[in-house]
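Down below is the structure, laid out as structure tokens.
Only a predicted model underlies this, so the values are computations on that prediction, with no experimental measurement involved. What's counted below: heavy atoms across the whole structure, side chains too, no hydrogens, waters or symmetry copies. Residue numbers start from 1 in every chain, and the chains themselves are labelled A, B, ... in the order their sequence lines are given, proteins ahead of strands.
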Amino acid sequence: MVDAEVIAVDTETTGFRVKDGRDYLMGISVAYYLGNLGIMSAYFPVRHESQNLDPSIIHSLKPILESKPLIFHNIKFDLQSLATIGIYPNQRMFCTQQLAHMVNEEWFSKSLDALAKNLLGDKKTKEEVEKWTHAFGWKTIPGDLMDEYARHDAELTLELFAKILWPEARGQELDQLWDTELAYIRLLDKIERRGIKVDQEFCKVKIDIGETRMQDVCDELGFTPTPTNLAKLFFEDLKLPVLTLTPGGKPCLDKKNMEEYDEILSHIDDKRARLVLEYRGWQKAVSALYRSALDHVSPDGRVRPNFKAHGTKTGRLSCTDPNLQQIPRQSSNVWNGDAKRSFTFDEGFKGLEFDYSQLEFRLAAAYGGVDSLLEIFAKDEDPFIPTAIEVFGGIEFRQSAKTLTYSTLYGAGQRRISFALGIDQSAASDVIGRFRELYPGIYSASSKATKLAASRGYVRYWTGRRRHFPNPEFAYKAFNSIIQGGAAELVKHAMLRVDEQICNEDCRMVLTVHDSIVLEVREELADSIIEPVKKLMTDFPQFGVKFSVDCKEWGK
DNA sequence: TTTTTTTGCGCC
DNA sequence: AAACGGCGCAAAAAAA
């Protein structure tokens, strides 16, 4: 290993809860090329229930694993598990999972098995190890029986990197993005390990209130409002009209239609549709939020979600276990309007949420070179007013203007816009035409992106990252990708700056949600960091548009 | 009984 | 000419 240029490393653990130590590393496999000896590999079982190597092997491995260039598949997880035995690599490293995503975000699966099968033609099955894990249980399998399986995974990681992914990344000029990408994943690792504190009492109270209310609603309705039961009441007993159909061809009973049914039923003083909406609101909040928060909380009272940097086509983050990117925003809803209070901060700290204003719209204005919009953004005026006046005929149509703007940036056509604005298709077509006349630059930037995506098969973001369109039929999504993905890249750079220049033990990054960053800051420090953070987040002069960031206290 | 698909809904 | 973009989770329904 000492003579190897680069070493592929894979770790085996007792389970997936390594961030809080409830699971831990059982063994390390390595693979590397050694001159004309070809590929070498080994497995070091250290914390199996039996058949371990002498524990001193960890001390021999530590200096090597903390200095040699390493390759992982899903580096964040392996670094977290290596930490459970006191190994903390901090040198140049690579991750085949992230590289696979950069090289082609369209690949269906980024699992090691799938990539090895598709890119290396690997045919090895897991039958052997599955036999042993079935016989012993994963956590109690003797170390020597894991040897072959573990070594194979390290070998695959090495070959994927050396034969396919790194050469391909260089070919696409993505290799120069890698250092930033690694720094970003390491920042996500830090955020995850820190976690965010859960107000468990608050969640429990909400669950109690919600369950009581849901039971009361069921009693009042005389049934549980499942889609089947609801369809029976609406269409068999009450003979209500079917508004729209689900993709499966059944009457659609989603929130929008339920609001409509509530309106119809209100004329005969029937509150049952409203009750169903309240039931669903509570059900969603209790199960996906309050109970989920308690289910995922570590013994120290914090949740440590999984941020995936390879989770989306555009390069945004995704988040699981729990998904902290879908915490309901502040509202007057009794069931979820104060949901942000589920997450709280250490004694003496407070949460500050830094949100970009109209980040994607500003990028669209920049790419489109729309001077009138650039001027409005420079002065931090309301960017939807011109559309409200010029397209809809008055300032009172601001909400419609906003809907039209974002729908268009998202690639909506006249059918979708007529639906969103509640107007017929010819009116929608009219409105779209006037919007194009108002901002021709945005329209031309968009069609340029579409053409490029269709002819060349990909577009590039401002960082050089690529978004591929193997099927020209979907090239219309290209402009949205440039905007959405470009925003994600911008936020990534902002996060790295804030982490490097602001964050420390008294100011910790705990969460990010697409266009916002949440810091847990010592109270007496809070006022002093607000302006520096805003400055770092908005300082991207190369776009020629002014960016704007608001700061508010979490959940307020 | 177990697994997969559908439906519905939270976020930006 | 026309196409809303990107996610994850849970309960219910359908399929195996």
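- A:Glu360 comes within 4.0 angstrom of no nucleic acid atom, judged by non-hydrogen atoms across all strands.
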Show me the donor-acceptor pairs within less than 3.5 Å that the side chains of residues 200-207 of chain A make with the rest of the protein, sequence neighbours left out.
residue: A:Lys206; atom: NZ; partner: A:Asp338; partner atom: OD1; Å: 3.1
residue: A:Lys206; atom: NZ; partner: A:Asp338; partner atom: OD2; Å: 3.3

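- Neither OP1 nor OP2 of B:dC12 sits under 4.0 Å from any side-chain N or O of A:Tyr410.
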Under 3.5 Å, which donor-acceptor pairs link side chains of residues 406-417 of chain A to any protein atom two or more places apart or in another chain?
residue: A:Ser407; atom: OG; partner: A:Thr403; partner atom: O; Å: 2.6
residue: A:Thr408; atom: OG1; partner: A:Leu404; partner atom: O; Å: 2.7

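- Side chain A:Gln484 to base C:dG6: no donor-acceptor pair is found below 3.5 Å.
- A residue-by-residue look at A:Asp321 and A:Thr314 shows that A:Thr314 has its nearest nucleotide of DNA chain C further toward the 5' end.
- Taking 4.0 angstrom as the limit, A:Arg329 places none of its side-chain polar atoms (N or O) nearer than this to OP1 or OP2 of B:dG10.
- The residue A:Ser407 sits close to a base: some heavy atom pair falls under 4.0 Å.
- Using a 4.0 Å heavy-atom distance criterion, A:Ile483 is classed as making no nucleic acid contact.
- Nucleic acid contact class of A:Lys284 (heavy atoms, under 4.0 Å, all strands): base.
- The distance between atom CZ of A:Arg467 and atom C1' of C:dG5, rounded to the nearest whole Å, is 9 Å.
- Using C1' as the reference atom, C:dC4 and B:dC12 are 14 Å apart when rounded to the nearest Å.
- For A:Arg316, no side-chain nitrogen or oxygen approaches OP1 or OP2 of B:dC12 to under 4.0 Å.
- Within the cation-pi definition used here (under 6.0 Å to the ring centroid, within 45° of the axis), A:Arg434 does not qualify as a partner of A:Tyr443.
- Remark: A:Arg280 is in phosphate contact with B:dC9, judged by side-chain N or O atoms under 4.0 Å from OP1 or OP2.
- Residues A:Thr226 and A:Ala288 both approach DNA chain C. Their nearest nucleotides, taken by heavy-atom distance, put A:Ala288 toward the 5′ side.
- Nucleic acid contact class of A:Leu253 (heavy atoms, under 4.0 Å, all strands): sugar-phosphate only.
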